[in-house]
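Working notes, structure below.
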Amino acid sequence: MAVGAARSEEGFTSDRAARVMTAACRRTGLDDEGAELIRFGENALFRLASVPVVVRVARGEEWLPKVRTEVAVSRWLAGEGFPGARLLDDLEQPLLTSGHPVTFWHLIREGDRKATYGELGGILRDLHSMTLPDEVEFPSFDPFGKQELRIGRAPIPEDDRVFLRERWRELRGQFEELSFETPKGPVHGDAHVQNLMVDDQGQVILIDFEAFCFDHPEWDLMVTATEHHSLGWQTDEQYADFVRAYGWDLYDWHGYDTLRRLQEFGMTTWLMQNIREDERTAAEYRRRIAALRDDAAPRDWRPW
């Protein structure tokens with residue numbers, strides 16, 4: 001397929017992403033020999049062996065506006081001195097290659113520990129207190145647009161697709177009745193602790209800006225609140241550290257249950273895109289979709 005062409009018929013797989021990464025590296029003069037796939041989820045991330053660079057391949061051209069937002073956010077945060085992932089400065093980004101937006105990032109050399117939930121609460125508090133630049137227009141948080149794309153394209157049984165579309169409409173109705181209590185500001189949009197890294201100097205760094213937006217901070221708090229209260233992925237002490245650092249517990253808000261259902265829905269549709277990768281992913285998708293069909297069922301989901 002030619003550079004900049006429309007979405008591939010073969011779908012987004014780790015193999016296809018590797019071919020796109022190779023083509024993008026050749027266009028920029030970077031050596032992709034020995035590149036390693038380090039993450040395959042919403043995007044594919046490759047660490048180059050030749051230089052300390054991470055190459056991020058998005059799913060298709062439809063994601064180009066989100067990738068452009070990601071680029072703008074990284075440059076803004078860098079200018080503000082905020083601890084965020086940094087783009088390579090000497091390349092035009094994003095680079096559209098075979099219908100996929102590609103970006104190039106400085107490798108974060110990880111230290112010997114993971115970020116804590118207290119650190120997540122603190123960095124979100126700092127982010128939400130910032131003022132966005134006038135020269136860049138950031139979108140509002142959209143919990144539905146990406147879901148619609150996923151439902152239409154994922155290789156899932158048709159009865160699952162019918163159910164998810166019905167749930168999508170139900171959640172839209174609930175969302176439209178929400179009244180938020182906080183003013184709008186900068187929002188990460190996917191604020192889980194895995195989107196923090198601790199480098200080898202001990203600095204905590206925020207990554208993954210494609211869902212960044214101008215909206216209510218509740219959207220960032222719903223991730224950890226759902227992971228704790230619904231999924232049990234954190235201890236009471238870890239969640240208390242998060243709340244103490246941020247200064248507010250979303251669980252006390254009247255709209256929590258709607259955001260909880262939206263978060264669980266998004267976590268399921270995110271995973272279902274990759275069920276052809278391996279049986280482990282397919283099995284976890286089946287576990288999650290079964291739970292969505294029964295809102296009272298326990299959520300014995302595995303972190304992914």
Checking side-chain hydrogen bond (donor to acceptor under 3.5 Å, both in side chains) for the pair Arg19/Ser98: CA distance, chi angles, key distance, verdict?
CA-CA 9 Å; Arg19 294 195 294 273; Ser98 299; over 6 Å; no
Could you go step by step and tell me if Arg153 and Glu62 meet the salt bridge (charged side-chain N to carboxylate O under 4.0 Å, His left out) rule?
CA-CA 13 Å; Arg153 294 179 182 173; Glu62 303 90 332; 2.6 Å; yes
Please evaluate residues Arg288 and Glu284 with respect to the criterion salt bridge (charged side-chain N to carboxylate O under 4.0 Å, His left out), reporting the C-alpha separation (whole Å), side-chain torsions for both, the decisive distance (0.1 Å), and the verdict.
CA-CA 6 Å; Arg288 293 186 183 188; Glu284 179 63 21; 2.9 Å; yes
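Counted by atom type alone, Gln234 and Thr224 present zero donor-acceptor pairs between their side chains at under 3.5 Å. Between the side chains of Glu264 and Ser230, a donor-acceptor pair is found at a separation under 3.5 Å. With 3.5 Å as the limit, one finds no donor-acceptor pair spanning the side chains of Gln263 and Arg260. In this structure, a donor-acceptor pair under 3.5 Å is present between the side chains of Glu218 and Thr182. Under 3.5 Å, the side chains of Ser129 and Asp126 contain no donor-acceptor pair of N or O atoms.
Judged by a 6.0 Å distance limit and a 45° cone about the ring axis, Arg167 is not positioned over the six-membered ring of Phe265.
Of all non-hydrogen atoms in Asn195 and His188, the two that sit nearest each other are ND2-CE1, 3.7 Å. The two atoms that bring Pro217 and Pro183 nearest to each other are CD-O, 3.4 Å, heavy atoms only. For the residue pair Ala58 and Trp63, the shortest heavy atom distance occurs at CB-CB, 4.2 Å. Of all the heavy atoms in Ile151 and Thr269, the pair that sits closest is CG1-CG2, 4.4 Å.
Ile289 and Leu171 fall within a single hydrophobic cluster, where Ile, Leu, Val, Met, Phe, Trp and Tyr side chains are chained together by heavy-atom contacts under 4.5 Å.
Not less than 6.0 angstrom separates the ring centroid of Tyr239 from the ring centroid of Tyr251. Note: Trp253 and Phe180 meet the aromatic proximity criterion, with ring centroids under 6.0 Å apart.
Relative orientation of the Phe209 and Phe212 rings is perpendicular, given thresholds of 30° and 60° on the angle between their planes.
Exactly one residue among Thr97, Thr22, Leu91, Val102 makes a side chain to side chain contact (heavy atoms under 4.5 Å, CB included) with Arg27. That residue is Thr97.
For the ring-ring contact (aromatic ring centres under 6.0 Å, His included) test, no residue two or more places apart in sequence or in another chain qualifies with His192.
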